[in-house]
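Taking it in order: structure first as structure tokens, then the write-up.
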Protein chains: 2
Amino acid sequence: MSLSEDNPADAKGPMVEPIQVPKASDILAGKLRDLILSGRIAPGESLPAERELVSDSGLSRSSVREALRVLEVEGLIATRPGRSGGSTVRLPGRSSVARSMRLFVRSHGIRLEALLECRVAVEPYLAGLAAQNRTEQDLAEMRDIHQRFEQSQGDVGAYKRLNLDWHLAVARASRNEVLVALMEAIAQPIFDAADYQEVTTAEIRRDAIRAHAAILHSIEAQDFKQAYSRMEKHLSAYATVARRLLVDRQAQSGAAAK
Amino acid sequence: MSLSEDNPADAKGPMVEPIQVPKASDILAGKLRDLILSGRIAPGESLPAERELVSDSGLSRSSVREALRVLEVEGLIATRPGRSGGSTVRLPGRSSVARSMRLFVRSHGIRLEALLECRVAVEPYLAGLAAQNRTEQDLAEMRDIHQRFEQSQGDVGAYKRLNLDWHLAVARASRNEVLVALMEAIAQPIFDAADYQEVTTAEIRRDAIRAHAAILHSIEAQDFKQAYSRMEKHLSAYATVARRLLVDRQAQSGAAAK
DNA sequence: TGACTGATTTGGTCTGATCATATAACATTT
DNA sequence: AAATGTTATATGATCAGACCAAATCAGTCA
């Protein structure tokens with residue numbers, strides 16, 4: 001009855017791989033996930049009710065609920081209580097990507113420097129794509145945000161938010177959903193990290209407004225290369241300022257530590 | 001007893017915002033998440049046992065378990081059964097970002113075109129950073145992978161895997177964890193999507209090997225701009241081939257549909 | 001010493017009930 | 001008839017307590 005009798009030609013390695021018993025809830029979650037991703041349950045449609053899944057699967061209520069909770073965290077379903085509630089299928093959306101990126105950044109204590117580098121790598125190309133693919137509606141949105149951006153004198157909160165909004169609007173105009181998701185994912189942590197009280201002297205703000213205007217013109221003119229290089233210049237300038245601020249702050253805390 | 005009596009100066013909008021009752025498990029999950037992200041429970045350490053969390057929180061076991069399951073999906077804890085098992089804290093890791101990106105790409109049916117654009121936007125800069133920041137160890141790894149890449153004649157599976165590995169090794173050498181995470185997130189779907197049986201004529205493979213070698217030299221020489229432009233050229237060439245293949249396939253399926 | 005054996009701890013699952021909520025169906029009043 | 005209030009019902013959320021399964025530990029026996 002020895003296992004080795006069954007495999008006389010064993011050259012190396014164990015005859016049977018280590019067996020891992022998957023959890024019941026994970027199996028169910030996997031099956032439901034496949035149903036959703038394969039499109040057999042379309043977004044907007046509802047999954048069977050919990051008690052129905054129980055009788056269908058033969059599992060207990062707790063296992064079914066844990067499976068549903070997994071899918072909920074993954075952004076694949078949304079669950080509401082009450083009659084005619086239940087779990088409805090939805091698409092994960094960019095915010096899920098942003099959320100996991102935020103967890104990644106926070107838990108690893110990623111340097112602001114790394115986030116800025118990421119932005120310099122991505123956003124010029126993004127601006128180029130925006131110039132290429134923008135629609136009139138995209139332009140209207142960017143112009144609107146830019147106008148309010150210009151008028152945000154004094155209100156640092158509004159300045160910060162409109163700055164972020166404008167960059168995201170440019171990203172959306174690129175018509176590349178992956179890059180938009182990436183921008184949303186990294187933009188939030190950057191704007192959280194930067195201390196805006198210090199980065200908004202009147203001079204810096206004027207420069208930012210001018211730079212945005214220039215980039216906007218390139219996008220209007222559908223000039224890929226110009227939009228690219230102007231965005232690159234804008235970000236480099238910002239990164240320089242942010243870096244100097246970081247150094248200053250370190251110097252301060254170093255001095256304070258003494 | 002009317003609510004409107006309390007607010008005679010109501011200009012617009014409802015007097016009270018819609019109240020949302022958070023779920024017990026979500027509250028617990030939030031508190032535990034804060035404990036982890038604030039560093040008060042360090043990676044490697046264990047959360048209290050489920051039954052202990054039950055008595056501490058006053059919630060039921062199911063609610064506690066659902067909270068733990070949320071954190072598990074987020075990649076913040078890993079749970080093992082058995083004595084001295086339990087939930088140990090861990091850092092989310094790049095794979096969580098990649099997983100949510102994969103869900104995003106699959107569920108939205110993102111075009112391969114968009115993924116390739118993303119790569120063109122990111123990877124040249126990544127190669128430049130690699131040239132700037134690579135250590136000797138990074139170089140050794142890249143050389144090793146490249147050597148096996150050169151010798152992967154005939155074995156399409158190995159070619160595909162080593163190609164992916166090399167690009168990821170370059171990304172790691174950049175020492176920018178956000179960009180590495182991004183590369184891992186988009187590389188997998190790209191390599192899944194591309195049909196490698198068709199993209200690996202002997203000629204194409206020879207070109208890829210030559211391009212990798214050239215980029216590797218630039219990285220060895222710590223030449224940012226050269227690494228950047230060579231990677232850009234390599235990716236453009238690849239994107240062109242991939243695009244042509246896509247068109248061919250569409251033409252085929254179009255013809256087949258008739 | 002070393003291999004077995006049982007106790008112990010911990011997560012995984014099940015059962016069944018009750019609570020909370022949102023909708024639907026119905027009844028009542030104006 | 002329309003507006004309003006009331007009850008029934010479907011559904012998720014929560015609870016309680018038990019048992020199962022896995023991994024480790026402690027002791028026993030050869």
Side-chain angles (χ1 to χ4, degrees), chain A residues 1-2 14 16-32 36 41 44-90, chain B residues 1-4 14 16-32 36 41 44-90:
Chain A
M1 292 288 278
S2 162
V16 289
E17 300 86 46
I19 289 179
Q20 45 187 346
V21 182
K23 288 191 285 188
S25 53
D26 281 338
I27 297 178
L28 178 56
K31 288 191 186 270
L32 293 175
I36 294 172
I41 310 182
E45 285 188 64
S46 283
L47 257 51
E50 287 183 2
R51 290 166 175 88
E52 195 172 343
L53 286 173
V54 167
S55 61
D56 286 357
S57 67
L59 298 181
S60 70
R61 188 95 189 269
S62 8
S63 297
V64 168
R65 278 182 62 80
E66 287 200 2
L68 292 176
R69 188 43 82 80
V70 169
L71 298 181
E72 197 179 19
V73 175
E74 291 177 343
L76 288 169
I77 64 174
T79 298
R80 293 178 326 165
R83 181 166 180 168
S84 88
S87 302
T88 54
V89 173
R90 54 167 227 171
Chain B
M1 291 287 278
S2 163
L3 278 171
S4 51
V16 291
E17 301 85 48
I19 288 178
Q20 46 187 343
V21 182
K23 286 192 287 189
S25 54
D26 282 339
I27 296 178
L28 178 56
K31 288 190 186 272
L32 293 175
I36 294 171
I41 310 181
E45 285 187 65
S46 282
L47 257 51
E50 286 182 4
R51 290 164 175 87
E52 195 172 342
L53 285 173
V54 167
S55 60
D56 287 356
S57 66
L59 299 181
S60 71
R61 185 114 182 260
S62 4
S63 297
V64 169
R65 279 182 61 79
E66 287 200 1
L68 291 176
R69 186 44 82 81
V70 169
L71 298 180
E72 197 180 18
V73 176
E74 291 178 343
L76 287 169
I77 64 173
T79 299
R80 292 177 325 164
R83 183 168 180 167
S84 88
S87 302
T88 54
V89 173
R90 55 168 225 171

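Each chain gets a letter, A, B and so on, in the order the sequences are listed, and its residues count up from 1. All values derive from a computational prediction rather than experimental measurement.
Atom CD1 in I27(B) sits about 13 Å away from atom C1' in dT14(D), given to the nearest Å. Whole-Å rounding puts the K23(B) NZ to dG12(D) P distance at 11 Å. Rounded to whole Å, atom P of dA13(D) lies 11 Å from atom CZ of R80(A). Rounded to an integer number of Å, the gap from Q20(B) CD to dA20(C) C1' is 16 Å. With rounding to whole Å, R65(A) atom CZ is found 15 Å from dA16(D) atom P. Going from atom CZ of R69(B) over to atom P of dG11(C) covers 13 Å, rounded to whole Å. One atom, CZ of R83(B), and another, P of dT9(C), lie 6 Å apart when rounded to the nearest Å. As rounded to whole Å, 12 Å separates atom P of dG12(D) from atom CD of E66(B).
Scanning all heavy atoms of the two residues, the minimum distance from G75(B) to R90(B) falls at O-NE, 3.2 Å.
Within the 4.5 Å cutoff, the side chain of I36(B) has heavy atoms near those of the I77(B) side chain. L32(B) has its side chain within reach of L68(B): a pair of non-hydrogen atoms, C-beta onward, lies under 4.5 Å apart.
Distance from the side chain of V21(B) is smallest to dT21(C) among dT14(D), dG12(C), dT21(C). Among the nucleotides dG12(C), dA8(D), dT13(C), the one closest to any side-chain atom of A24(A) is dT13(C). Closest to the side chain of P81(B), from the set dA13(D), dG11(C), dT13(C), is dG11(C).
Two residues, G85(B) and P22(A), neighbour DNA chain C, and the one matched to the more 5' nucleotide by heavy-atom proximity is G85(B).
Remark: R51(B), L59(B), S60(B), R61(B) in residues 47-61 of chain B come within less than 4.0 Å of DNA chain D through at least one heavy atom.
From L59(A), atom CG reaches atom CD1 of I27(A) across 8.0 Å, with rounding to the nearest 0.5 Å. One finds the OG1 atom of T79(A) at 7.5 Å from the CD atom of E50(A) (value rounded to the nearest 0.5 Å).
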Exercise. Hey, mind stepping through S63(B) and S25(B) against side chain to side chain donor-acceptor pair (under 3.5 Å) and telling me if it holds?
Worked result: CA-CA 5 Å; S63(B) 297; S25(B) 54; 5.7 Å; no
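Taking side-chain N and O atoms only, S63(A) has a distance below 4.0 Å to OP1 or OP2 of dC14(C).
Within 4.0 Å (heavy atoms only), S62(B) reaches at least one base atom of the nucleic acid.
Under the salt bridge (charged side-chain N to carboxylate O under 4.0 Å, His left out) rule, R69(B) has a single partner from E74(A), E66(A), E72(A), which is E66(A).
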